[in-house]
Amino acid sequence: MADVQAEQFDVIVIGGGSGGSGFSRRAAGYGKKVVIIDRGVVFDDKGNRLGAGIGGTCVNVGCVPKKLMFNAAHHREMMHGKIATAPGNGYTIPEEATKFDWAGFKARRDAEVHRLNGIYLNNWKKAGIEVVMGVGSFASAREVVVNLNDGGVRKFTAPHICIAVGGVPSPLGIPGEEHTINSDQFFALEKQPKKAAILGAGYIAVEMAGIFAGLGTEATLLCRGDTVLRRGFDPFIVDILMNELKEHGPELVTNATPESVVKEADGTLTLKLKDGRTLGGFDCVLSAIGRVPVTGSLGLDKTSIELERGYIKVDKYENTTEEGVYAIGDATTSGYSLTPVAIAAGRRLGDRLFGNEPRARLEYNDIATVVFSHPPIGTVGLTEPQAREQFGDENIIVRESKFSSMTYVFNAPEGKVKTGLKLVLRLPEQTVVGLHLIGPSSDEMLQGFAVAVKMGATLDDFEASVAIHPTIAEEVVTFGGWGQIKDASVPGGMRPRLPPKLRDEPLDGAGSK
């Protein structure tokens with residue numbers, strides 16, 4: 001090691017995922033000499049994946065392949081099963097046509113991921129970024145040593161070092177764990193399981209269970225509490241999702257804490273719960289109980305970087321406790337494990353350090369997110385409980401609506417999927433501090449509304465936007481009481497409430513005619 005000469009760069013980035021890429025390209029755009037260190041895709045002796053690959057979790061074992069699987073499941077759901085819309089719309093779909101070609105789809109999905117890997121590499125090359133494949137760790141606060149994937153060692157030094165290593169699935173930690181797979185390994189399945197158990201209550205578990213069920217696997221979702229999505233989601237949305245799971249699947253088992261997984265003589269897996277219940281006959285048990293940061297191999301003991309519950313402690317400017325070392329994305333205490341958050345944080349960090357804009361940073365509030373459940377969820381801002389805690393009960397009102405959309409108009413009552421819409425409003429201006437959606441197209445609807453929430457829109461602003469009919473989204477701007485406000489002093493108890501631009505408009509005489 002002493003004989004290895006440190007190569008000088010302006011910026012070292014450990015991790016070539018979404019955040020690391022966003023920061024690297026922004027820094028290189030400002031003329032900085034940048035090196036990205038990424039471990040690529042390697043496997044341990046047990047076949048466990050180490051390293052997501054070029055582009056990180058999102059591209060390889062996260063957002064992108066997950067959304068492709070979600071889309072495939074959605075297509076099948078429209079053709080087959082209780083919530084299928086094809087029959088009511090005049091189509092007769094043969095049973096044979098609803099069988100899913102898992103192997104063929106996997107080949108096409110993997111090819112698309114490989115194409116995106118190439119795009120990342122090409123973009124880095126065009127930006128003049130050097131890419132080094134291997135495992136990087138600190139030799140000191142200003143030096144990073146890399147054990148190269150193809151053998152050998154290189155060392156780098158720079159005044160600016162950014163950690164963007166992301167996270168990996170949490171271990172299950174029970175006897176028989178070796179018989180299970182995690183959410184990363186889901187994408188390596190060569191054959192479609194006939195019967196699968198999915199462990200977890202978070203969005204990854206909910207999404208995976210929905211994908212399995214939608215594609216025709218007999219899926220069972222097990223969570224430790226009374227509901228799924230217990231953290232960060234409005235109770236109104238969770239209640240609707242729970243009902244949809246009970247009505248339309250996958251099968252849901254609550255208050256279920258796994259104790260062990262046993263492989264039976266016939267090769268099937270049996271899941272034993274701590275309360276004595278036993279569920280068996282599975283050919284796949286998938287653990288999606290959370291994710292943990294990849295910080296153990298970084299050599300942080302060679303620096304003054306502090307950890308908090310295993311996450312790298314950062315301030316609002318992404319600074320760690322070691323001067324000149326920054327951290328972004330899932331491995332930090334920023335609190336948002338979302339691809340667009342990591343990208344935005346990386347770009348703003350590049351702006352601050354090299355773009356002569358010391359105020360640049362990502363604002364970690366009113367960040368929109370989507371769960372690709374069945375049906376999908378979109379949420380931005382505060383939940384009702386969060387808003388009441390922050391502003392007080394007397395300062396919060398809500399508007400809610402629950403219905404079945406036109407998508408399922410010809411379905412039998414038991415095959416109609418519910419849509420739920422909710423606004424959380426802060427008085428007296430009725431500012432929209434939270435917006436929550438569940439139902440068809442919620443994932444696509446949210447982005448535009450998220451812009452409005454970020455801008456501080458009020459209910460008056462929403463109602464000033466004329467509805468687009470017939471759509472689900474129109475219901476967000478036409479809740480009951482549209483254009484009026486309660487006033488007990490006037491006949492009927494309601495008076496007009498004008499949109500903001502009309503309130504201060506001078507009368508021209510025509511309005512009194």
Side-chain angles (χ1 to χ4, degrees), residues 41 43 47-49 52-53 57 59-84 86 93-114 169 172 176-200 203-222 244-245 248-253 258 261-264 266-271 279-289 371-376:
V41 181
F43 297 88
N48 295 315
R49 186 183 186 117
T57 298
V59 169
N60 296 279
V61 288
C63 325
V64 172
K66 180 267 303 288
K67 182 63 182 293
L68 294 175
M69 298 294 283
F70 170 86
N71 287 344
H74 178 66
H75 282 302
R76 185 176 181 276
E77 284 179 326
M78 295 297 95
M79 295 187 295
H80 180 78
K82 186 186 292 186
I83 65 171
I93 308 295
E95 181 73 21
E96 186 69 23
T98 67
K99 292 183 179 179
F100 180 64
D101 177 12
W102 184 284
F105 184 87
K106 180 181 184 300
R108 294 187 294 275
R109 186 198 69 207
D110 292 351
E112 172 62 12
V113 169
H114 183 70
L172 187 55
E177 180 177 10
E178 67 274 14
H179 303 309
T180 70
I181 64 172
N182 59 42
S183 54
D184 285 359
Q185 294 166 328
F186 166 81
F187 297 103
L189 287 173
E190 297 290 343
K191 296 181 179 179
Q192 180 175 0
K194 293 181 180 179
K195 185 177 181 181
I198 301 88
L199 311 179
Y203 74 92
I204 296 175
V206 170
E207 291 176 337
M208 293 292 180
I211 288 170
F212 269 136
L215 293 176
T217 294
E218 183 183 342
T220 302
L221 174 61
L222 299 96
E244 289 302 313
L245 291 173
H248 304 135
E251 182 181 352
L252 180 64
V253 179
V261 179
V262 178
K263 190 168 187 178
E264 306 293 354
D266 63 359
T268 63
L269 302 176
T270 297
L271 187 62
L279 294 87
F282 301 109
D283 51 343
C284 176
V285 175
L286 185 151
S287 173
I289 60 172
V371 179
F372 290 102
S373 48
H374 295 250

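Here the structure is a predicted model, which is why all the values come from computation and not from measurement.
Annotation for Asp184 and Pro169: closest pair OD2-CD, 3.3 Å, computed over non-hydrogen atoms. Across all non-hydrogen atoms, the minimal contact from Gly53 to Val41 is CA-CG2, 3.5 Å. Of all non-hydrogen atoms in Leu172 and Pro258, the two that sit nearest each other are CD1-CG, 4.4 Å. When all heavy atoms are compared, the tightest approach of His374 to Ala73 is CE1-CB, 3.9 Å. The minimum heavy-atom distance linking Gly200 with Leu221 is given by the pair O-CD1, 3.4 Å. A pairwise comparison of heavy atoms in Ala219 and Ala209 identifies CB-O, 4.0 Å as the closest pair.
Expressed to the nearest 0.5 Å, how far CD of Glu251 lies from CD of Glu218 amounts to 7.5 Å. From Ile83, atom CD1 reaches atom NE2 of His248 across 6.5 Å, with rounding to the nearest 0.5 Å. Rounding to the nearest 0.5 Å gives a distance of 4.0 Å between NZ of Lys99 and CD of Glu96. Residue Phe70 holds its CZ atom at 13.0 Å from CE of Met208, rounded to the nearest 0.5 Å. The structure places CZ of Arg49 at 9.5 Å from CZ of Phe187, a figure rounded to the nearest 0.5 Å. Annotation: the span from Asn182 atom CG to Leu286 atom CG amounts to 7.0 Å, rounded to 0.5 Å.
Using the six-membered ring where Trp is involved, Phe186 and Phe212 have ring planes that are perpendicular, over 60° apart on the 30 and 60° scheme. Between Phe105 and Phe100, the ring planes lie tilted relative to each other; the angle falls in the 30° to 60° range.
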Chi angles and distances behind the side chain to side chain contact (heavy atoms under 4.5 Å, CB included) call for Leu271, Leu199: CA-CA 10 Å; Leu271 187 62; Leu199 311 179; 3.6 Å; yes

Candidate pair Phe372 and Lys67, rule side chain to side chain contact (heavy atoms under 4.5 Å, CB included), full reasoning: CA-CA 8 Å; Phe372 290 102; Lys67 182 63 182 293; 3.4 Å; yes

Worked verdict on Arg109 versus Met69 for side chain to side chain contact (heavy atoms under 4.5 Å, CB included): CA-CA 8 Å; Arg109 186 198 69 207; Met69 298 294 283; 3.5 Å; yes

Lys106/Asp110 under side chain to side chain contact (heavy atoms under 4.5 Å, CB included): CA gap, chis, key distance, verdict: CA-CA 6 Å; Lys106 180 181 184 300; Asp110 292 351; 2.7 Å; yes

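Side chain of Glu207 to backbone of Ile204: no donor-acceptor contact under 3.5 angstrom is found. The backbone N or O of Leu215 sits nowhere less than 3.5 Å from a side-chain atom of Trp102 that would complete a donor-acceptor pair. Arg108 places a side-chain N or O within 3.5 Å of a backbone atom of Gly104 that can act as its donor or acceptor partner.
Counting heavy atoms from C-beta on, the side chains of Leu245 and Pro250 come closer than 4.5 Å.
Heavy atoms from other residues, nucleotides or ligands lying under 6.0 Å from CD of Glu177 number more than 12. Other residues, nucleotides and ligands contribute more than 12 heavy atoms inside 6.0 Å of the NE2 atom of His179.
For residues 186-196, the pairs satisfying side-chain hydrogen bond (donor to acceptor under 3.5 Å, both in side chains) are Gln192-Thr217, with sequence neighbours left out.
With sequence neighbours left out, Glu77 forms a salt bridge (Lys or Arg N to Asp or Glu O under 4.0 Å) with no residue at all.
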